[in-house]
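Step one of this worksheet: look at the structure below.
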Number of protein chains: 2
Amino acid sequence: MSSPSAKPRRADAQRNYDAVLAAAKAVFAQAGTDAPMEDVARAAGVGKGTLYRRFPTREHLFAAILQDRVDELDASAQRALDAPDVWRALSEWLELYDRCATEYPGMSARVGESLSDDTSAVGTLCGPMKNSFARLFERARQEVQLRPDLTPTQLLSMVSALPKDAGTGRTPDPYLRVVLDGLRA
Amino acid sequence: MSSPSAKPRRADAQRNYDAVLAAAKAVFAQAGTDAPMEDVARAAGVGKGTLYRRFPTREHLFAAILQDRVDELDASAQRALDAPDVWRALSEWLELYDRCATEYPGMSARVGESLSDDTSAVGTLCGPMKNSFARLFERARQEVQLRPDLTPTQLLSMVSALPKDAGTGRTPDPYLRVVLDGLRA
DNA sequence: ACCTGAACACCGTTCAAGT
DNA sequence: ACCTGAACACCGTTCAAGT
């Protein structure tokens with residue numbers, strides 16, 4: 001979809017970028033989003049300086065990790081605009097959104113916090129997706145009564161902040177169901 | 001209500017305990033729950049060692065800070081058991097709960113995470129309150145239809161995790177309204 | 001019994017030296 | 001242009017020395 005902000009050029013730099021990204025996914029999936037950056041560098045087989053050169057902050061790393069997922073969600077929201085049952089499409093999209101970072105402990109909560117900050121790396125990454133979702137949300141308003149006191153972005157923040165009970169991969173998530181039911185005016 | 005776990009005996013120790021607690025409230029209110037422990041010690045006018053002697057972990061400090069509020073909530077839940085309109089009482093109690101730590105940025109999210117861990121300081125502190133709330137919750141079930149797939153503690157975790165939009169002290173919180181509406185089966 | 005602050009450990013971040 | 005790891009900084013945590 002959209003190209004990552006500024007990919008490095010040299011071959012070894014690209015290799016390191018990829019290695020760090022892959023290592024970060026593995027480390028954060030296993031040890032959560034608070035895992036030491038040092039562990040990521042080691043797992044990638046690069047020096048700490050290289051890690052920081054490619055990803056100036058932890059959050060830049062998160063944004064890179066989420067890139068593909070967010071692009072998919074963006075595309076999915078656009079497709080949903082033409083769905084016959086918009087409420088159903090909205091619900092299903094939110095189920096996808098709810099799961100999109102569950103393999104990284106602590107990630108969803110972080111996303112929820114930075115989502116409405118457009119200056120943050122994750123906030124910037126999510127800009128297009130937020131716009132697509134907002135359109136879907138507004139269209140859903142025309143079909144079903146949605147409560148008027150919640151913006152689309154607030155809804156996303158709320159879903160991101162939902163507890164993620166370990167183990168119980170129950171589908172659909174009871175927490176999300178509360179939100180979906182409560183969303184209707 | 002219940003007495004704090006193990007208060008120190010000597011006068012100076014007691015003074016330090018109180019000073020640290022007061023300082024922690026001020027510092028965490030101003031700089032959030034991630035503020036350096038060092039800042040708390042300095043604000044209290046004690047050495048770092050004294051802080052750690054009284055509060056072995058950051059979370060013990062949180063538990064001490066929340067003590068009074070949680071006791072009040074506990075008492076309030078017990079009173080609510082006799083309310084004429086239990087659903088209304090439940091709603092109002094959850095509004096209190098929702099606000100109970102808002103002056104400390106990041107605190108609610110932390111409470112939500114440790115709430116179901118009975119071995120944690122905050123989880124232990126909240127034990128009695130959780131029990132009182134569970135009774136209120138079960139009584140509400142008899143009056144109104146509540147969704148069956150959510151335990152009382154899950155509900156509390158969910159409310160604690162709700163985004164706290166800075167500035168807008170809107171009452172009642174739109175996020176909580178979503179939860180309350182979505183709670184009815 | 002309790003207090004203090006120096007000492008240690010850990011980790012995020014920077015940067016001089018090297019390729 | 002990029003990589004590396006030593007160096008620095010910050011802060012949580014411990015503990016020897018002192019009252």
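Lettering of chains follows the sequences in order, A, B, ..., and the numbering in each one begins at 1.
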Which residues pass the ring pair (Phe, Tyr, Trp, His ring centres under 6.0 Å) test with [X], sequence neighbours left out?
X: Phe55(B); answer: Tyr17(B)
X: Phe62(A); answer: Phe28(A)
X: Tyr97(A); answer: Trp93(A)

Results of salt bridge (Lys or Arg N to Asp or Glu O under 4.0 Å) for [X] - residues two or more places apart only:
X: Lys164(B); answer: Asp98(B)
X: Arg139(A); answer: Glu143(A)
X: Arg147(A); answer: Asp149(A), Asp181(B)
X: Arg79(A); answer: none

Just how far, in rounded Å, is [atom2] of [N] from [atom1] of [X]?
X: Arg42(A); N: dC3(D); atom1: CZ; atom2: P; value: 19 Å
X: His60(B); N: dT13(D); atom1: NE2; atom2: C1'; value: 14 Å
X: Leu51(A); N: dT13(C); atom1: CG; atom2: P; value: 10 Å

Enumerate the ring-ring contact (aromatic ring centres under 6.0 Å, His included) contacts for residues 106-129 of chain B, please, sequence neighbours excluded, ordered by first and then second residue.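 Output for this query is empty, none listed.
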
Scan nucleotides 10-12 of chain D against the protein and return all N/O pairs shorter than 3.5 Å with their distances rounded to 0.1 Å.
from, atom 1, to, atom 2, distance (Å)
dG12(D), OP1, Met37(B), N, 3.4
dG12(D), OP1, Arg58(B), NH2, 3.1
dG12(D), OP2, Met37(B), N, 2.9
dG12(D), OP2, Glu38(B), N, 3.4

Check the phosphate of dC2(D) against Asn16(A), side-chain N and O only, distance under 4.0 Å to OP1 or OP2. Yes or no?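 Checking dC2(D) against Asn16(A), no side-chain N or O comes under 4.0 Å of OP1 or OP2.
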
For DNA chain D, which residues in residues 21-32 of chain A have a heavy atom at a distance below 4.0 Å?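 Of all residues in residues 21-32 of chain A, none places a heavy atom under 4.0 Å from DNA chain D.
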
Quick one: salt bridge (Lys or Arg N to Asp or Glu O under 4.0 Å) pairs with a partner in residues 101-112 of chain B, sequence neighbours left out?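 Found Asp34(B)-Arg110(B), Arg69(B)-Glu103(B).
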
Starting from Watson-Crick (N1-N3 plus N6-O4 or O6-N4) and G-U wobble pairs under 3.5 Å, report the runs of at least three that DNA chain D belongs to.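 DNA chain D stems, ordered by first number: C:4-8 with D:12-16, C:12-16 with D:4-8.
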
